[in-house]
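Input: a single structure, listed below in structure tokens.
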Amino acid sequence: MAFKGAPDSVALLLFFVFWYAGNMKYNEYNTAALNAVGGKTSGLTMTVATMQLGVCAAYAAIVWAIKLNPAKLFGLQMPDKQSMPKLTKDDVIKSMKLAFCAAGAHAATVFALGGDPLFGQIVKAAEPVLAAAVGTVFYNKAPTFYKVCCLPIIVGGVAFASLKKGADGGYSLKFDVTALVFGMLANAFAAFKGGENSKLMADKGIAERYGGVGNQFAVTQILGFIILLPIMYVTEGSMLPTFLEKLKTDSSLQFNLVMSGLAFFIYNELATYTLKVTGAVTASVANTAKRVIVMVYMAAVTGKALTDEQKMGSAIAITGVLLYALIDDLLKPKKKTKAA
């Protein structure tokens with residue numbers, strides 16, 4: 001009898017654990033890679049973001065070459081078979097919108113977290129606000145009235161986290177502009193990514209030719225890498241010799257660049273394994289808890305404590321996100337049971 005590995009219940013628990021751990025380590029490796037090139041003022045942030053997707057592309061190529069996806073080993077189960085998808089030229093063209101949005105979301109997130117890893121996470125928590133606006137305007141998917149009522153809570157939380165108490169006891173807005181601007185830009189790209197993903201996967205032919213979400217994610221990262229390359233060259237091309245010199249001599253940059261790319265790819269795969277077998281409520285709670293855990297972890301790693309305003313603001317924003325995800329289920333009318 002062939003060895004199948006751990007029971008699905010044990011595997012699911014391990015996928016949760018490694019999804020969270022992978023996300024935490026990605027944030028740590030990403031911060032270290034950015035610091036290795038000189039931080040947010042180095043002029044190499046887009047280069048780091050692009051090279052991370054380059055690592056993802058290389059990893060996907062290796063998976064296709066060996067025709068095995070090792071991700072399930074994290075759940076103590078046997079690897080899945082995974083071959084290169086048989087896409088047509090048309091399929092690739094149709095996938096470009098999704099890849100552009102995914103690449104934009106990734107690059108903007110790297111800029112936001114490079115500005116301030118903690119405040120960037122708080123801003124990223126406001127993703128439902130952009131998702132609601134983009135869904136309504138571009139995809140004819142307006143949120144329900146109850147969900148709309150949750151949006152001011154999220155916005156208010158981010159606004160509160162942006163406050164700083166002065167010596168006179170008064171409050172003023174003080175925040176990292178890079179983290180705010182690029183965090184909101186990442187949220188916008190992520191919202192479009194969700195819409196484009198739904199449109200693409202609605203085509204049963206393309207979905208079948210992809211042969212699973214693992215292949216779709218791999219292709220998206222490869223196309224995203226190709227899309228970011230010319231943008232990187234235009235915006236930071238003059239710094240490329242400096243980056244290459246650092247890459248040749250700095251072992252910290254080498255390690256953290258490769259590990260951030262691998263962590264990004266693998267934690268996204270594990271999140272997919274986890275969320276596709278859990279209910280909507282569990283998925284919402286898991287995503288919310290993940291953001292809290294990542295913020296606490298990054299505060300410990302960076303040695304930068306959250307201010308009281310950031311603690312309160314992030315708690316308000318994250319509560320609003322959780323409510324946004326659950327409110328329709330919580331207020332759903334109960335079915336009347338017929339009297340015997």
#### Entry: Pairs where residues 221-230 contributes a residue and the test salt bridge (Lys or Arg N to Asp or Glu O under 4.0 Å) is met, not counting sequence neighbours
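Sorted pair list comes back empty.
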
Name each donor-acceptor pair under 3.5 Å that joins a side chain in residues 311-323 to protein atoms two or more places apart or in another chain, with its distance.
{"residue": "Ser314", "atom": "OG", "partner": "Gln310", "partner atom": "O", "Å": "2.8"}
{"residue": "Ser314", "atom": "OG", "partner": "Lys311", "partner atom": "O", "Å": "3.0"}
{"residue": "Thr319", "atom": "OG1", "partner": "Ala315", "partner atom": "O", "Å": "2.7"}

Residues in side chain to side chain donor-acceptor pair (under 3.5 Å) contact with [X], at least two apart in sequence or another chain:
{"X": "Asn23", "answer": "Asn27"}
{"X": "Tyr210", "answer": "Ser95"}
{"X": "Gln82", "answer": "Asn69, Asn215"}
{"X": "Thr45", "answer": "none"}

Please enumerate all residues that pass ring pair (Phe, Tyr, Trp, His ring centres under 6.0 Å) together with [X], with sequence neighbours excluded.
{"X": "Phe119", "value": "none"}
{"X": "Tyr297", "value": "none"}
{"X": "Phe160", "value": "none"}
{"X": "Phe138", "value": "Phe192"}

### Task
To the nearest 0.5 Å, tell me how far Thr178 OG1 sits from Asp116 CG.
9.5 Å

### Query
Between Val301 and Thr31, is any pair of side-chain heavy atoms under 4.5 Å apart?
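Val301 does not reach Thr31 side chain to side chain.
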
### Query
Side-chain contact, heavy-atom cut-off 4.5 Å: Met184 with Leu130?
yes

Flag, side chain of [X] to backbone of [Y], donor-acceptor distance under 3.5 Å:
{"X": "Lys72", "Y": "Met78", "value": "no"}
{"X": "Asn268", "Y": "Phe264", "value": "yes"}
{"X": "Asn256", "Y": "Ser252", "value": "yes"}

### Query
Can you name the salt bridge (charged side-chain N to carboxylate O under 4.0 Å, His left out) partners of Lys204, sequence neighbours left out?
none

Please tabulate, for side-chain N and O atoms in residues 96-115, each donor-acceptor pair with protein atoms closer than 3.5 Å (sequence neighbours left out).
{"residue": "His106", "atom": "NE2", "partner": "Ala49", "partner atom": "O", "Å": "3.3"}
{"residue": "His106", "atom": "NE2", "partner": "Gln52", "partner atom": "OE1", "Å": "3.0"}
{"residue": "Thr109", "atom": "OG1", "partner": "Ala105", "partner atom": "O", "Å": "2.7"}
{"residue": "Thr109", "atom": "OG1", "partner": "Lys124", "partner atom": "NZ", "Å": "3.4"}

### Task
May I have the step-by-step check of side chain to side chain contact (heavy atoms under 4.5 Å, CB included) for Glu269 and Phe265, ending in yes or no?
CA-CA 6 Å; Glu269 280 206 304; Phe265 195 104; 3.6 Å; yes

